[in-house]
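See structure below.
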Amino acid sequence: LMIFIAEPLQMASDLITDFVGGNQVAKKLRPSLYVPQNGTKQPVNRLRTLTYQNVSVTRDQQAVLKDVSLTLAADRHYLIVGKTGSGKSTLLNLPLRNQSGYQGALLVNDQAQADVDLPSLRTRVGVAEQDGYIFTGTLGENLSLFRTEFTTEQLYTALKRAQLPQ
């Protein structure tokens, strides 16, 4: 009798966990996915560099980033470390968002970020945030975000490129 009660409760718990996790991901992604329709933006076919020139961001009259200048090359991996609230996520997500709440210049391949097609840029940049979400399912399903168009070979290639052991 307990099996007939416990199993449906466990399944319901798993569904609620997946739903809450999915909502958290959707809330986090929603602001960065909106892009006005404008055919004059330049697509990013190959990402070479992201350059920050004296970039400052202020939120609630508090400096999140102040005069940051650096260039990130596409053929390199970077680890950005800092305390909570120090601006790590802001620094990495700023070029991927359609926003003007910063001072300074953001350049993509030496071109102003405002002139770049953001959806094409997003397909070329990977950011692993400090909050990870894992859904109930296989590693392959989590890796592909439950999209079915990827082959097993493509998923293994993605793991190898991320330098994760098999």
Could you list all the salt bridge (Lys or Arg N to Asp or Glu O under 4.0 Å) pairs where at least one residue sits in residues 142-155, not counting sequence neighbours?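 Qualifying pairs, neighbours excluded: Arg147-Glu149.
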
Residues pairing under salt bridge (Lys or Arg N to Asp or Glu O under 4.0 Å) where one sits in residues 67-82, two or more places apart or in two chains, turn out to be none

Identify the heavy atoms of [X] and [Y] that sit nearest to each other, and give their distance.
{"X": "Thr90", "Y": "Arg59", "result": "OG1-NH1, 3.3 Å"}
{"X": "Gln113", "Y": "Arg97", "result": "NE2-O, 2.9 Å"}
{"X": "Pro95", "Y": "Tyr52", "result": "CG-OH, 3.3 Å"}
{"X": "Ser86", "Y": "Lys83", "result": "OG-O, 2.7 Å"}

Kindly compute the distance separating [atom1] ([X]) from [atom2] ([Y]), expressed to the nearest 0.5 Å.
{"X": "Thr123", "Y": "Leu47", "atom1": "OG1", "atom2": "CG", "result": "9.5 Å"}
{"X": "Leu50", "Y": "Leu106", "atom1": "CG", "atom2": "CG", "result": "8.0 Å"}
{"X": "Arg124", "Y": "Asn45", "atom1": "CZ", "atom2": "CG", "result": "6.5 Å"}
{"X": "Arg122", "Y": "Leu96", "atom1": "CZ", "atom2": "CG", "result": "6.5 Å"}
{"X": "Leu94", "Y": "Ser89", "atom1": "CG", "atom2": "OG", "result": "11.5 Å"}
{"X": "Tyr78", "Y": "Leu70", "atom1": "OH", "atom2": "CG", "result": "8.5 Å"}

Residues that, via side-chain heavy atoms closer than 4.5 angstrom, fall in one hydrophobic cluster with Leu79: Val81

Could you pull out all residues at least two apart from [X] that satisfy side chain to side chain donor-acceptor pair (under 3.5 Å)?
{"X": "Ser120", "value": "Asp117"}
{"X": "Thr157", "value": "none"}
{"X": "Thr49", "value": "none"}
{"X": "Asn54", "value": "Ser69"}

Take Leu143 and Leu159 through the side-chain contact (heavy atoms from CB on, under 4.5 Å) test and state the conclusion after the steps. CA-CA 9 Å; Leu143 187 60; Leu159 288 171; 3.9 Å; yes

With sequence neighbours excluded, what pairs up with [X] under the side-chain contact (heavy atoms from CB on, under 4.5 Å) test?
{"X": "Leu107", "value": "Thr51, Gln53"}
{"X": "Gln111", "value": "Gln42, Asp115, Val116"}
{"X": "Gln154", "value": "Phe150, Thr151"}

Show the numbers, then the answer: is there a side-chain contact (heavy atoms from CB on, under 4.5 Å) between Ser56 and Val68? CA-CA 7 Å; Ser56 296; Val68 173; over 6 Å; no

So, does Lys41 use its side chain to make a donor-acceptor pair with the main chain of Ala114 at under 3.5 Å?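 At least one qualifying donor-acceptor pair exists.
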
